[in-house]
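Below is one structure; the comments refer to it alone.
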Number of protein chains: 2
Amino acid sequence: MVKLIDVARTAGVGAGTASRALSGNGSVDRETKERVIAVAKQLGYSPDVAARALRERRTRTIGLLLPDLANEFYTASVAVLQQELSDAGYQLVIASTGNDPSTERIALQTMIDQRVEGIVHVPVDADLVLPTTVPIVQLNRQSASRQAAAASDDLAGVDELTTAIVHAGHRDIAVIVGPTGFSTSRNRLLGALRAAERAGIPQSERPLDGARLRVRHAPLTVDGGAQAVAQLFPDLPSCLIALSSRLVMGALRECGDRGIHVPESLSLAGYGDPDWFSIWRPGITTFAPNLTEMGRQAARLLLAQLAGEETGPPALIPGKVQVRGSVTGLSAG
Amino acid sequence: MVKLIDVARTAGVGAGTASRALSGNGSVDRETKERVIAVAKQLGYSPDVAARALRERRTRTIGLLLPDLANEFYTASVAVLQQELSDAGYQLVIASTGNDPSTERIALQTMIDQRVEGIVHVPVDADLVLPTTVPIVQLNRQSASRQAAAASDDLAGVDELTTAIVHAGHRDIAVIVGPTGFSTSRNRLLGALRAAERAGIPQSERPLDGARLRVRHAPLTVDGGAQAVAQLFPDLPSCLIALSSRLVMGALRECGDRGIHVPESLSLAGYGDPDWFSIWRPGITTFAPNLTEMGRQAARLLLAQLAGEETGPPALIPGKVQVRGSVTGLSAG
DNA sequence: CTGTTAGCGCATTCAT
DNA sequence: ATGAATGCGCTAACAG
């Protein structure tokens, strides 16, 4: 490996001058600067990151901690996050926790040990104590309230989605949502409850005047969604809202197994917008959070903190309700 | 940050002894060794990776270069890859190329500059010249033939899939496959061709004795799959084989738009096995490569090279044909 | 503007 | 078995 001293000697200058010429810090004669740069390129010089990090006391590294690398719901944000941070001169190091709190704790510690300068965190365990030695921005989920975060405005989005469903004439609705421990689950549910209340639909197991909203909690898995539908059966609502794409998948599977046709026998609305939502005939009506924008904002927030700026309250990123065919209109009465 | 010299002093030993006690290299008295370790833990010491890397001349870092972080086809392998390498004491640094050859070249160079000790590579550009300074194992696709690689045995898998289709009675088949530039596309196509030939089905545009196999190349996108179907229309085969999950998606979309019912009017088989393949009614018949095993083998191969062992020919990992409802049986006639 | 020097934290010599 | 000294490659401080 060719090192700085090599290009310095070849260019006939001292190490300091070569360093300044290459980094742009400090002043150096135009001509010699260009010469050094030319020599460096010709020799194929590239700085040793370890030596630089040791000397500068900074690693130019950002840690990303997420539950599951194989979940496109997260990776959709990561792609742009990676790009933004890379543009700002940071390397992203990724660790996945497999949704396990103890793995999460260890991975977090490992990142601190690695001297990352900041962390983007998709929390699993809401009770995890976060280190204060390094800026952290939370993505998607939010654990501590005073924490910088970039999240989808699920409350408004699911409200809007639910309202659209009500406007289509549905007054017997069931909601399947993830565990209460996740801030995302709570927010999504809140959106549905708010819309229902505004429409005069009571949260009740038995229909009142034909109207009711039932809530079922389930693990955020395909099986979870399927079991929730199974429990509802045979007293089905006119419209089912499954508040995660996995839950939608499970609901569809169970409906298929039981011969319940969507949307003829049961309307279905979802959350998120994986590609297959629009391939599925006649398309799944859903609230689609803006994943790429969330990634971008997370990067911005972290970069701002790194620059010493104060970050305001959590950024709530608006999404979009996609109306497709899985929710049918109901004739009144 | 507490450093080695701190724990050394607190334990009442020299820096060298502390280093040896913690690393296990060299010999040190049992008792003092335990004392040093205890002190280190109590002080919350963790070694500075930069300093260690500078001194040891190794970064304990592996680079992963893939086309798209948001594509679960890749990330499914990455999850286990990450785990295996992490267990072996390596940090994974990830870069995505966005399927762009020039980005790929730059990202590869960046990794070399970062002094990664090895690279796992999902190639985009088959003509990319690979550095020889560092062990590289290719995942999924294969560019240079003498390169260590872990890939799915697509040839055998698609052969088996096609054979199953033929056995179901189909003799008018069309195959949609990706660009010839990808080794994966070539292998998958080869599998279909081999099975067809064995069944006496000629590769031809016009049916001979009612039998023919047509081949259409398309970009590996949803639109690509849709357009391929559009071009086939209205002279449809009895069974369509779309050799990537994106192509399947496109084919389904176009069929939906044109009112072609799968599988009543057209049988459809696919490649890969994203979750929605089994949710889709009545399920998509497909060849499912073993993605996790591929990730595991890639890790093994790289670790072996890192240990100085010679790696044999590319590892071909067998997958599994999943028979579902999208391919119907045909009464002979 | 530029050359020389010190030291970042660690693992590894070389003496003892 | 252990302590002291050395140097990995680089940047920042200093002197010129």
Side-chain angles (χ1 to χ4, degrees), chain A residues 1-41 43-61 89 91 110 112-117 133, chain B residues 1-41 43-61 89 91 110 112-117 133:
Chain A
M1 280 282 106
V2 37
K3 43 195 167 186
L4 184 63
I5 190 66
D6 297 327
V7 350
R9 282 206 250 272
T10 321
V13 299
T17 307
S19 172
R20 286 185 288 262
L22 262 7
S23 74
N25 288 10
S27 42
V28 48
D29 185 83
R30 270 195 63 81
E31 193 180 343
T32 51
K33 176 173 183 172
E34 286 170 8
R35 182 156 38 95
V36 170
I37 292 178
V39 169
K41 186 185 303 183
L43 262 45
Y45 168 75
S46 74
D48 184 306
V49 289
R52 195 212 291 254
L54 179 59
R55 177 64 231 233
E56 280 189 307
R57 268 100 168 277
R58 48 174 308 208
T59 56
R60 295 166 190 272
T61 271
Q91 255 288 334
T110 303
I112 301 294
D113 291 351
Q114 296 264 342
R115 315 299 199 260
V116 296
E117 295 182 31
T133 55
Chain B
M1 282 283 105
V2 37
K3 43 196 167 188
L4 184 63
I5 189 67
D6 298 326
V7 350
R9 280 206 252 271
T10 322
V13 299
T17 308
S19 173
R20 285 185 288 261
L22 263 5
S23 72
N25 287 13
S27 44
V28 48
D29 186 81
R30 268 194 66 80
E31 192 179 345
T32 53
K33 175 172 184 173
E34 286 170 8
R35 181 156 40 95
V36 170
I37 291 178
V39 169
K41 186 186 302 183
L43 262 45
Y45 168 76
S46 74
D48 184 305
V49 289
R52 192 210 292 250
L54 179 58
R55 176 63 231 241
E56 281 189 306
R57 266 96 167 279
R58 51 175 302 213
T59 57
R60 296 167 191 271
T61 270
Q91 254 288 334
T110 302
I112 302 292
D113 291 351
Q114 297 263 345
R115 316 301 199 258
V116 297
E117 295 183 30
T133 54

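Chain A is the first sequence line, chain B the second, and so forth, proteins listed ahead of strands; every chain is numbered from 1.
A:S23 places a side-chain N or O within 3.5 Å of a backbone atom of A:S19 that can act as its donor or acceptor partner. Under a 3.5 Å cut-off, the side chain of B:Q91 and the backbone N or O of B:T61 do not form any donor-acceptor pair. When atom types are taken as modelled, the side chain of A:E117 and the backbone of A:T59 share a donor-acceptor pair closer than 3.5 angstrom. Under the 3.5 Å distance criterion, the side-chain polar atoms of A:R20 are left unmatched by any main-chain donor or acceptor of A:A18.
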Margin query: Checking A:L4 against A:L22 for the side chain to side chain contact (heavy atoms under 4.5 Å, CB included) test, could you report, in this order, the C-alpha distance in whole Å, the side-chain angles of both residues, the deciding distance, and whether it holds?
Written below: CA-CA 9 Å; A:L4 184 63; A:L22 262 7; 3.8 Å; yes

Note to self: Using the rule given for side chain to side chain donor-acceptor pair (under 3.5 Å), can you reason through A:S46 versus B:R115, listing the C-alpha separation, both sets of side-chain angles and the distance that settles it, and then say yes or no?
What the structure shows: CA-CA 10 Å; A:S46 74; B:R115 316 301 199 258; 3.1 Å; yes

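Rounded to an integer number of Å, the gap from CZ of A:R35 to P of C:dC1 is 15 Å.
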Next item on the list: Do nucleotides 7-16 of chain C as a string where each nucleotide becomes B, S or -: B if the base has a protein heavy atom under 4.0 Å, S if just the sugar-phosphate does, - if no protein is that close.
Entry: BBBBBBB---

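With a cutoff of under 4.0 Å to any heavy atom of chain B, the contacted region of DNA chain D is bounded 5' to 3' by D:dA1 to D:dG9.
Screening residues 22-38 of chain B for salt bridge (Lys or Arg N to Asp or Glu O under 4.0 Å), with sequence neighbours left out, gives B:R30-B:E34.
Between A:M1 and A:K3 there is no side-chain heavy-atom pair separated by less than 4.5 Å.
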